[in-house]
Structure formats: structure tokens, C-alpha cells
Amino acid sequence: MTAADSGNVVARLRAAGCVFVEDEARLLIEAAAETGADLDALVAQRVAGRPLEYVLGWVEFRGMRVEVSRGVFIPRQRTAFLVDQAVESARMIARRPVAVDMCCGSGALGLAFATTLAEKGIAVELAAADIEPVAVRCARRNLAALRAPVYEGDLFEPLPAELRGRIDVLLANTPYVPSEMIARMPPEARDHEPRTALDGGPDGLDTFRRVVADARDWLAPGGHLFVESSAAQAPVALAVLTEHGLTGRVAESEEFYATVVIGTRPDATSGR
């Protein structure tokens, strides 16, 4: 690959309206070299508007390469804040934490959560679930090294009964974009990612409400539910948590521009 060839890739990406053209050109060139794929074909896909992550076949999330395939939600970098919050809560558990990555998509959240804790010497009992078959297949590949089962079905429905009342950490990256706002999303997301992973209903909280309605039965005493939302949605989300017997709080990060709503099942033995 000559400098002229690299310059040509940059020029094509810039003409297509890509923003971080030098970085994208480097990644595409490296992908072609690593996989033997035709560079021109990769660039053509990107120029046509396909998300870079789909073209590469992976996304970097919290320092890890996570496989993503077409039709699977691409994890956002701001969601690393949700993982950070979940990791901190799990570190306070005296025994082996039980965690579920619900609406898991690629399984990125569960993978990052369990891997981070493993680096701290904490083993996790992890499971994941998603309603989309393509996401389940992708998550199974990403979580294979952790031997974490990935179940296919709607929210809690596919989870084994043995998890009921045992989940210490429930990661639920539910869709939270209000339906009328989907049309205003960037074309890369709107036209390529599954609508089920984006559309949260009229106020963006439809799936959140369904998760919360059953969460208390599945959480262990003192267990936590972690859900990303917008700052504007947080007050309504807190009210929903209270309605279903969970103690709610909000964590916010200016660095990640992220808002996480956390619901906790009270623990009668500890007063939490």
C-alpha cells in the first residue's frame, strides 16, 4: 500500500461525507491487509453508507474488539459508563456475582463486564439474551471464551428458571429512542441497525417498563438493574422503578455524555 493509495482512500471517504477520514482509511487498509479482502470493495461499502463497524466486522468497546455483524446493534462508546457502574456494584458482592446481559445485541456489555472483573480476580456467572436471532448468534461467538450461554427470546422469557431471584447485576441496554425521533437519527443507524434495538415507543421507555415490571422477581435481594436512558427520561424512569418496588437512582457522566438509571431490589436482611 503506497502513500498515493492511502491518499485515494482518504479522498473517497471525504467525498462521501465521512468525518474521521484518516482513522477510517487506516482501519480499512489494515482490515484488507489482515483478512485479504479487496480494499476497493471495503471502501465502496463505506462510501455507500454502511457503518464502518459492519464493514470491518468489529467495534472497539472498552479496549476490546467485539464482533458485530449486519443486523446487530452497534454498541455505543458512551455505554462504557453503564459497564463501569455495574463493575463497581459487582465488586461489593462477597460471593461470585450472577449477571445477565439482556437485550444483549453483540454481547459487548456482558463481555466487557465479565472481562473487567476477571482482570480484578473476580469470576462472574454470566448469561445473555436477545430476541433477534442474528444478535444471538453474534453474541454466542463473542461470549464463547467465557462459556456464557446466550438465550433467544423476549426479555426474561428464555432465561432458565434457576436464575429467578439470583441475578445480582442485570444489564439491560433497552432501546430508548422515541419512535418519532427515529427519522432524525443518522442514516448509518436509522437505515442499517435493527429498529427493535432503537425504537423505544412513544416516550422511549416502552421496553424499559416491560423489563422493570418483572425485574424484582429475577433480581437477588440487593441486586441491581442498569439501564441507559436520556437525561430527560430519567425522572419518568425513576417513577417506574418506584412503582414496581425498586429503589432508583441516576448516575451521569459528562465525559461519556451518558445517563444510567439504576434500580435496586431492597434487601430486607441489610436494610438496603
Filter on ring-ring contact (aromatic ring centres under 6.0 Å, His included), then keep only pairs touching residues 117-163, sequence neighbours left out; what's left? Phe156-Trp218

Spacing of [X] atom [atom1] and [Y] atom [atom2] [to the nearest 0.5 Å]:
X	Y	atom1	atom2	value
Leu56	Gln45	CG	CD	10.0 Å
Arg195	Arg190	CZ	CZ	10.5 Å
Met185	Glu193	CE	CD	6.5 Å
Arg140	Asp130	CZ	CG	11.0 Å
Leu246	Thr264	CG	OG1	7.5 Å
Ile122	Ile93	CD1	CD1	8.5 Å

Name each donor-acceptor pair under 3.5 Å that joins a side chain in residues 252-260 to protein atoms two or more places apart or in another chain, with its distance.
from   : atom 1 : to     : atom 2 : distance (Å)
Ser253 : OG     : Glu255 : N      : 3.4
Ser253 : OG     : Phe256 : N      : 3.0

For atom CZ of Arg96, decide whether the heavy atoms of other residues, nucleotides or ligands shown that lie under 6.0 angstrom number more than 12. yes

Test of understanding: clusters of I, L, V, M, F, W, Y form through side-chain heavy atoms closer than 4.5 Å, transitively. Do [X] and [Y] belong to the same one?
X	Y	answer
Leu143	Val100	no
Val227	Val240	yes
Val250	Val212	yes
Val21	Leu39	yes
Met102	Phe81	no

With the threshold set at 4.0 Å, does a side-chain nitrogen-carboxylate oxygen contact exist between [X] and [Y]?
X	Y	value
Glu152	Arg137	no
Arg26	Glu22	no
Arg147	Glu125	no

What heavy-atom pair brings [X] and [Y] nearest, and what distance separates the two atoms?
X	Y	result
Gly49	His192	O-NE2, 3.3 Å
Ala139	Gly107	CB-N, 4.0 Å
Val150	Cys104	CG1-SG, 4.2 Å
Pro178	Pro202	CB-O, 3.6 Å
Ala31	Leu42	CB-CD1, 4.2 Å
Thr196	Glu132	OG1-OE2, 2.8 Å

Less than 4.5 Å apart, any side-chain heavy atom of [X] and any of [Y]?
X	Y	value
Leu52	Leu27	yes
Leu241	Phe208	yes
Leu117	Arg91	yes
Arg216	Pro266	yes
Val87	Val83	yes

Donor-acceptor check, side chain of [X] to backbone of [Y], threshold 3.5 angstrom: yes or no?
X	Y	answer
Asp154	Glu157	no
Ser230	Gln233	yes
Ser89	Ala86	yes

Checking Glu188 against Arg46 for the salt bridge (charged side-chain N to carboxylate O under 4.0 Å, His left out) test, could you report, in this order, the C-alpha distance in whole Å, the side-chain angles of both residues, the deciding distance, and whether it holds? CA-CA 10 Å; Glu188 289 184 359; Arg46 183 67 183 119; 2.7 Å; yes

Sequence neighbours excluded, the answer for side-chain contact (heavy atoms from CB on, under 4.5 Å) partners of Ala99 is Phe113, Val124, Leu126, Val169

Could I get the full list of side-chain contact (heavy atoms from CB on, under 4.5 Å) partners for Ala220, not counting sequence neighbours? Arg95, Asp168

Worked verdict on Cys103 versus Leu155 for side chain to side chain contact (heavy atoms under 4.5 Å, CB included): CA-CA 7 Å; Cys103 304; Leu155 302 181; 3.8 Å; yes

For residues 169-186, which residue pairs pass the side chain to side chain donor-acceptor pair (under 3.5 Å) check, not counting sequence neighbours? Arg78-Tyr176, Tyr176-Glu228, Ser179-Asp199

Just distance, no hydrogens or angles: give the donor-acceptor pairs under 3.5 Å from side chains in residues 57-74, sequence neighbours left out.
from  : atom 1 : to     : atom 2 : distance (Å)
Arg62 : NE     : Asp84  : OD1    : 3.3
Arg62 : NH1    : Thr116 : OG1    : 2.7
Arg62 : NH2    : Asp84  : OD1    : 2.5
Glu67 : OE1    : Arg141 : NE     : 3.3
Glu67 : OE2    : Arg141 : NE     : 2.6
Glu67 : OE2    : Arg141 : NH2    : 2.8

